[in-house]
Amino acid sequence: MSDAPDSPAGPLYRIRHSLAHVMAQAVLEMREGSTLGFGPPIADGFYYDFILSEPLTERDFPDLERRMRRILKKGQRFYREEVPVDEGYRRLEEMGEPYKREYAEELVGKKGLESLTFYRSGPFLDMCDGPHVDTAKEIPRDAFRLRSVAGAYWRGDAKNVMMTRVYAWAFADKQALDEAVRAYELAQERDHKRLGRELDLFTFDDSVGRGLPLWMPNGTVIRDEIEKLAVELEFRAGYQRVATPHIAKSSLYDQTGHLDHYRDSMYPPMEVVEETPEGETVRETYMLKPMNCPHHHKIFASRLRSYRELPLRLAEYGEVYRWEASGAVSGLLRVRMLSMNDAHIYCTEAQTQDVFREVISQYDEAYRILGLSNYYIRFSRWDPEDPKGREKYVDAPEDWRRSERIIADLLEEMGVDYVDAPGEAAFYGPKIDVQFQTVTGRDESLSTVQLDFAVPPRLGLSYIGEDGAEHVPYCVHRAPFSTHERFVALLLEHFGGAFPTWLAPVQVQVITVSEHFHEYATGIVSRLREKFVRAELASESDTVSKKIRDATTRKIPNLLVVGERESAAGTVTLRRHGVKAQATMPLEVFEAALLDTIARRTLEFVMP
RNA sequence: GCCGGUGUAGCUCAGUUGGCAGAGCAACUGAUUCGUAAUCAGUAGGUCGGUGGUUCGAGUCCACUCACCGGCACCA
């Protein structure tokens, strides 16, 4: 049995779990008549869910923490009690714990338990499987801290009541707590929303609408650079670029199945009414596209296709619109206008694995260039048990099994470690998602590769096979850079706003020591701009110190300081962001190294 | 969508028990031309998120609403 701190047998797990009970005890003291949900240990601490008799806010935290410490000081013991099921039920009813009572019944039903386990500590009694510490003396009084209060549905189901969840940090000692809190605070400084404002990358405006980002010039540079990279990777892999409208008739989405399975995520239809010269009224409804695939499918369908054309790779730098739930919208991570470097690859069933392999290796290449490694692979499958099955997925069990087999075999063959995720499939097929964590610890899907068996037949897509007969193609959907919104958010947090030179909105800033060197400096700027380098001259009415400070705050990767020495010798003094050492070199030498680092998209600019 | 919190100048934030809306930074103007993280002086900047209400009087109290933040649900 493992004794890792976060495994159930480990001491930290017991401390966190027991602290959850102590917190619940304190909450029940403060809010008599409240009832309990679940209160498990989690990474960094624990939480407990309550139905509160009176609301609790973060303003109550000092009081709540004080009560918890008082309880800990008493050093009460934790007693395990096993009681027969019927007595357990009676207890829970007497305790006035309807949710625990409901759960107990489910446990008994599913696991065939003959007894229920309770833990008693002081006046607090809770149905709980443990394990716990033996006595509260084992719990350090200075290594926990209440963190936030949040809402959470009972059993994680939106149809159930909303409980109040109190989150807390908890560790084995004060130092570990302080470190975690400090790390959290540092992470806040890397939050993409904050950096986006500080670096002038994007903004939102109430009068434009929620979740609709406005990209500023600086942010647009980053989008454009990512797109350039995508265009290159795709060109080499034989993709062909297409462009399609942002809207389509709603009848298209009826055919594809979007209206059946995806309607909630779509903006409502717009109705256009036209009068014909004959006085007839013609009504048509259009919808904003939530995905590019239907349009691409129509390009595929525009003429007869031969197996010789497959795999046919259609790529589009397109914007799609999704009606995200209001509470889900968040910065650039969840938006209602999504920019995607999207592509659809039409292929035969036999080609599918190769197509997936090709796409995955392209992802590896893109992540390598950007130095991204903090992600994991998720195999998102159909869940036949999903109660919302009809609503969520196309109903074709055999196709699901077949398509999932193709992906599972491939993952197996490639030796990829992945998390199995039933219930996370797209409505039209299984997919491989790349998951990453934001600096604030939220898990988000990034890139995705999806196998679509459902929509091509619905739209009657076909190609003529070697046998001269018509066949329905598979379609592989892929978006290596997620949405540009989410991807820029990830990059911002990943680089802490200090982008490598090739991505930086301003790549070089020239700083004059005094305005006597204006001419030399503007010469450098225009020479670099001639080579498409994003170079700028710093304001000349400030002191050198001020200009350095401003450029540093803006995290500009390369500063060139020029004064008497440089202008006389035709050199520049290079100051790199975050690097103390400076070097003076001929302008041509700097320029060559700069153009090289940009062309190769290196993460580090190695000085000549 | 749900639970809770928060909205004061471009940004960060003050604003007593209801009584004339403030600071720093940024911006703008002028002076300064300076060798590595903030030169000096001045000017301008606001329907206190919005609407309605209570009041002699509302940034402050009440109702509704919008947006944002922390979560849950949903998802790229």
Side-chain angles (χ1 to χ4, degrees), chain A residues 47 49-52 55-60 147-167 188 191 193-194 197-198 200 203-207 209-211 262 264-265 290-291 320 322-335 338-342 380 388 392 423-424 426 431 433-436 440-448 450 477-487 489-490 511-518 540-553 559 561-566 573 575 580 582 584:
Chain A
Y47 68 76
D49 289 343
F50 308 92
I51 301 278
L52 295 168
L56 195 69
T57 78
E58 286 169 29
R59 276 187 285 274
D60 298 308
R147 179 173 172 166
S148 61
V149 36
Y153 296 108
W154 167 238
R155 310 299 309 268
D157 189 330
K159 287 197 292 291
N160 293 338
V161 286
M162 172 76 44
M163 298 185 142
T164 303
R165 175 172 297 179
V166 181
Y167 282 97
Q188 302 299 306
D191 186 291
K193 296 187 285 285
R194 176 180 177 148
R197 187 172 50 239
E198 288 173 359
D200 251 339
T203 187
F204 291 89
D205 188 293
D206 286 354
S207 60
R210 194 175 206 181
Y262 211 74
D264 289 349
S265 298
M291 298 182 186
V320 300
R322 296 185 188 173
W323 188 254
E324 293 296 320
S326 58
V329 171
S330 173
L332 290 183
L333 285 173
R334 286 289 283 277
V335 290
L338 301 70
S339 311
M340 274 203 273
N341 160 234
D342 203 3
S380 301
K388 285 186 288 184
K392 239 175 128 175
E424 297 289 346
K431 55 182 179 151
D433 293 316
V434 179
Q435 300 293 116
F436 79 103
T440 45
R442 221 185 307 189
D443 207 41
E444 295 281 3
S445 290
L446 194 61
S447 320
T448 174
Q450 313 177 343
H477 305 230
R478 44 107 277 174
F481 297 108
S482 177
T483 63
H484 292 66
E485 288 74 20
R486 184 172 288 184
F487 204 72
L490 166 72
I511 291 172
T512 52
V513 169
S514 87
E515 67 186 16
H516 300 309
F517 313 107
H518 175 81
E540 292 190 300
S541 62
D542 291 321
T543 59
V544 175
S545 290
K546 181 65 189 304
K547 286 184 271 199
I548 300 267
R549 184 189 148 80
D550 285 350
T552 306
T553 311
L559 309 184
V561 181
V562 296
E564 182 65 44
R565 296 194 291 272
E566 289 81 3
T573 295
R575 182 181 165 123
K580 282 208 181 108
Q582 298 178 65
T584 301

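Letters A, B, ... are given to chains in the order of the sequence lines, protein chains preceding strands, and every chain is numbered from 1.
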Participant: Using a heavy-atom cut-off of 4.0 Å across all strands, would you classify Val335(A) as base, sugar-phosphate, or nothing?
Facilitator: base
Participant: Could you tell me whether Glu485(A) contacts a base, only the sugar-phosphate backbone, or nothing, with contacts defined as non-hydrogen atoms closer than 4.0 Å?
Facilitator: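 No contact at all - Glu485(A) keeps every heavy atom at 4.0 Å or more from the nucleic acid.
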Participant: Tell me, with the steps shown, if Trp154(A) and Asp49(A) meet side chain to side chain contact (heavy atoms under 4.5 Å, CB included).
Facilitator: CA-CA 8 Å; Trp154(A) 167 238; Asp49(A) 289 343; 5.8 Å; no
Participant: Looking at C74(B), I'd like to know if its phosphate oxygens (OP1 or OP2) sit under 4.0 Å from a side-chain N or O belonging to Arg322(A).
Facilitator: no
Participant: Under a 3.5 Å cut-off for both contacts, is G42(B) paired Watson-Crick or G-U wobble with anything, and if yes, with which nucleotide?
Facilitator: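 Pairing partner: C28(B).
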Participant: Identify which nucleotide among G35(B), C69(B), A76(B) has an atom closest to any side-chain atom of Lys193(A), counting heavy atoms from C-beta outward.
Facilitator: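 For Lys193(A), the side-chain atoms sit closest to C69(B).
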Participant: At 4.0 Å (heavy atoms only), tell me whether Lys580(A) reaches a base, stays on the sugar-phosphate, or touches nothing.
Facilitator: nothing
Participant: Name the nucleic acid region contacted by Arg442(A), choosing base, sugar-phosphate or nothing; use a 4.0 angstrom heavy-atom cut-off, strictly under.
Facilitator: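 Counting heavy atoms under 4.0 Å across all strands, the contact made by Arg442(A) is with sugar-phosphate only.
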Participant: Contact class for Thr552(A) (heavy atom, under 4.0 Å): base, sugar-phosphate, or nothing?
Facilitator: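 Base contact - Thr552(A) has a heavy atom under 4.0 Å of at least one base atom.
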Participant: I'd like the P distance from C69(B) over to A27(B), given in whole Å.
Facilitator: 27 Å
Participant: Under the 3.5 Å rule, do the base of G35(B) and the side chain of Glu566(A) count as making a donor-acceptor pair?
Facilitator: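 Result: at least one qualifying N/O pair found.
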Participant: What integer number of Å spans the C1' atoms of G10(B) and C56(B)?
Facilitator: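 Rounded to whole Å, the distance is 37 Å.
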Participant: Which residue lies toward the 5' end of RNA chain B, Arg197(A) or Met163(A), if each is placed at its nearest nucleotide?
Facilitator: Met163(A)
Participant: Under a 3.5 Å cut-off for both distances, is G19(B) Watson-Crick or wobble paired, and to whom?
Facilitator: C56(B)
Participant: Using atom C1' in both nucleotides, what's the gap between C2(B) and G59(B) to the nearest angstrom?
Facilitator: 30 Å
Participant: Would you check if Ser330(A) and Lys193(A) make a side-chain contact, meaning some heavy-atom pair closer than 4.5 Å?
Facilitator: yes
Participant: Where the side chain of Met162(A) is concerned, which of C72(B), C69(B), C34(B) is the nearest nucleotide?
Facilitator: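 Of the candidates, C72(B) comes closest.
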Participant: Which nucleotide, in any strand shown, forms a Watson-Crick or G-U wobble pair with C72(B), with both distances under 3.5 Å?
Facilitator: G1(B)
Participant: Is Leu559(A) touching bases, backbone alone, or none of the nucleic acid, heavy atoms closer than 4.0 Å?
Facilitator: nothing
Participant: Separation of Asp443(A) atom CG from G71(B) atom P, in whole Å?
Facilitator: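 Whole-Å distance recorded here is 13 Å.
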Participant: Does C40(B) have OP1 or OP2 under 4.0 Å away from a side-chain N or O of Lys546(A)?
Facilitator: no
Participant: Do Tyr153(A) side-chain and G1(B) base share a donor-acceptor contact under 3.5 Å?
Facilitator: yes
Participant: Looking for any heavy atom pair under 4.0 Å, which part of the strands does Thr573(A) touch: base, sugar-phosphate only, or nothing?
Facilitator: base
Participant: If only side-chain N and O atoms of Arg549(A) are considered, is one of them under 4.0 Å from the OP1 or OP2 phosphate oxygen of U39(B)?
Facilitator: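 No, because none of the side-chain N or O atoms of Arg549(A) sits under 4.0 Å from OP1 or OP2 of U39(B).
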Participant: Under a 4.0 Å threshold between the charged nitrogen and the carboxylate oxygen, would Asp157(A) count as salt-bridged to Arg155(A)?
Facilitator: no
Participant: Could you tell me the Watson-Crick or G-U partner of A9(B), where both distances fall under 3.5 Å? Say none if there is no partner.
Facilitator: none
Participant: Within the pair Arg565(A) and G35(B), is there a side-chain N or O less than 4.0 Å away from OP1 or OP2?
Facilitator: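 Looking at the OP1 and OP2 atoms of G35(B), neither is under 4.0 Å from any side-chain N or O of Arg565(A).
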Participant: Contact class for Asp264(A) vs. all strands (heavy atom < 4.0 Å): base, sugar-phosphate, or nothing?
Facilitator: nothing
Participant: How close do Leu559(A) and Ala551(A) get, heavy atom to heavy atom, and via which atoms?
Facilitator: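 So the minimum-distance heavy-atom pair works out to CD2-CB, 3.4 Å.
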Participant: Kindly indicate whether the side chain of Glu540(A) and the base of U33(B) share any N or O donor-acceptor pair separated by less than 3.5 Å?
Facilitator: no
Participant: Near RNA chain B, counting only heavy atoms under 4.0 Å, which residues of residues 324-334 of chain A show up?
Facilitator: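 Contacting residues: Glu324(A), Ala325(A), Ser326(A), Gly327(A), Ala328(A), Gly331(A), Leu333(A), Arg334(A).
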Participant: Of all the choices, G35(B), A67(B), U32(B), which nucleotide is nearest to the side chain of Ser541(A) once you look at every atom?
Facilitator: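 Output: U32(B).
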Participant: Select base, sugar-phosphate, or nothing to describe what Ala158(A) touches, counting heavy atoms under 4.0 Å on all strands.
Facilitator: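 If one applies the 4.0 Å heavy-atom cut-off, Ala158(A) turns out to touch the sugar-phosphate alone, with no base involved.
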Participant: Between Arg575(A) and U36(B), is there a contact of a side-chain N or O with OP1 or OP2 at under 4.0 Å?
Facilitator: no
Participant: Measure from the side-chain heavy atoms of Thr57(A) and tell me the nearest of A76(B), A38(B), G5(B).
Facilitator: G5(B)
Participant: What does Glu58(A) touch in the nucleic acid at a heavy-atom separation under 4.0 angstrom: a base, only the sugar-phosphate, or nothing?
Facilitator: nothing
Participant: If you measure from the P atom in A14(B) to the same atom in U8(B), how many Å do you get, rounded?
Facilitator: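 The answer is 10 Å between these two P atoms.
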Participant: Do Arg322(A) and Tyr262(A) pair up side chain to side chain, a donor and an acceptor below 3.5 Å, judged on atom types alone?
Facilitator: yes
Participant: At under 4.0 Å, does any side-chain N or O of Lys547(A) touch on OP1 or OP2 of G35(B)?
Facilitator: no
Participant: Please state the P separation for the pair G19(B) and C11(B) - nearest whole angstrom.
Facilitator: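 Result for the P pair: 26 Å, nearest Å.
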Participant: Rounded off to whole Å, could you give me the NZ-to-C1' distance for the Lys392(A) and C75(B) pair?
Facilitator: 10 Å
Participant: What integer distance in Å separates Glu198(A):CD from C25(B):P?
Facilitator: 18 Å
Participant: For Gln582(A), is there any backbone N or O sitting under 3.5 Å from a side-chain donor or acceptor partner on Arg575(A)?
Facilitator: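 Pair absent, no side-chain N/O of Arg575(A) close to backbone of Gln582(A).
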Participant: Where the side chain of Ala150(A) is defined as all heavy atoms beyond and including C-beta, which of G70(B), A37(B), A76(B) is the nearest nucleotide?
Facilitator: G70(B)
Participant: Have a look at Thr483(A) and say if it touches a base, only the backbone sugar-phosphate, or nothing, with a 4.0 Å heavy-atom cut-off.
Facilitator: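 Thr483(A): base contact, heavy atoms under 4.0 Å.
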Participant: Could you check which nucleotide pairs with A14(B) in any of the strands shown, counting Watson-Crick or G-U wobble with both distances under 3.5 Å?
Facilitator: none
Participant: P atom, G5(B) versus U65(B): distance in rounded Å?
Facilitator: 15 Å
Participant: Taking side chain as C-beta onward, heavy atoms only, is His484(A) less than 4.5 Å from Asn341(A)?
Facilitator: yes
Participant: For residues Ser380(A) and Asp433(A), report the shortest heavy-atom separation together with the two atoms involved.
Facilitator: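 The pair with the smallest heavy-atom distance is OG-OD2, 2.6 Å.
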Participant: Rounded to the Å, how far apart are Trp323(A) CH2 and G1(B) P?
Facilitator: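 In whole Å, G1(B) P and Trp323(A) CH2 are 8 Å from each other.
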Participant: Any donor and acceptor pair, going by atom type alone, linking the side chain of Asp550(A) with main-chain N or O of Lys547(A) inside 3.5 Å?
Facilitator: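 Absent.
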Participant: Using a 3.5 Å distance criterion without hydrogens, assess whether the side chain of Arg486(A) forms a donor-acceptor pair with backbone atoms of Ser445(A).
Facilitator: yes
Participant: Hey, does Thr512(A) reach any base, or is it just sugar-phosphate, or nothing, if we go heavy atoms under 4.0 Å?
Facilitator: nothing
Participant: Return the pairing partner of A63(B) with a 3.5 Å limit on both distances, Watson-Crick or G-U wobble; otherwise return none.
Facilitator: U51(B)
Participant: Could you tell me how far U55(B) sits from C28(B) if I compare only their C1' atoms? Round to whole Å.
Facilitator: 41 Å
Participant: Under 3.5 Å, is there a donor on one side chain and an acceptor on the other for Glu485(A) and Ser339(A)?
Facilitator: yes
Participant: When you compare A38(B) with G22(B), how far apart are their P atoms, in angstrom units rounded to a whole number?
Facilitator: 31 Å
Participant: When the distance from CG of Asp157(A) to C1' of C74(B) is rounded to whole Å, what number comes out?
Facilitator: 12 Å
Participant: Starting the side chain at C-beta, find the nucleotide from A76(B), C69(B), G35(B) nearest to Val544(A).
Facilitator: G35(B)
Participant: Any idea which heavy atoms bring Glu324(A) and Arg334(A) closest together, and the distance?
Facilitator: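 Shortest heavy-atom separation between Glu324(A) and Arg334(A) comes out as OE1-NH2, 2.6 Å.
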Participant: Just call it for Tyr167(A): base, sugar-phosphate, or nothing, with non-hydrogen atoms closer than 4.0 Å on any strand.
Facilitator: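 If one applies the 4.0 Å heavy-atom cut-off, Tyr167(A) turns out to touch the sugar-phosphate alone, with no base involved.
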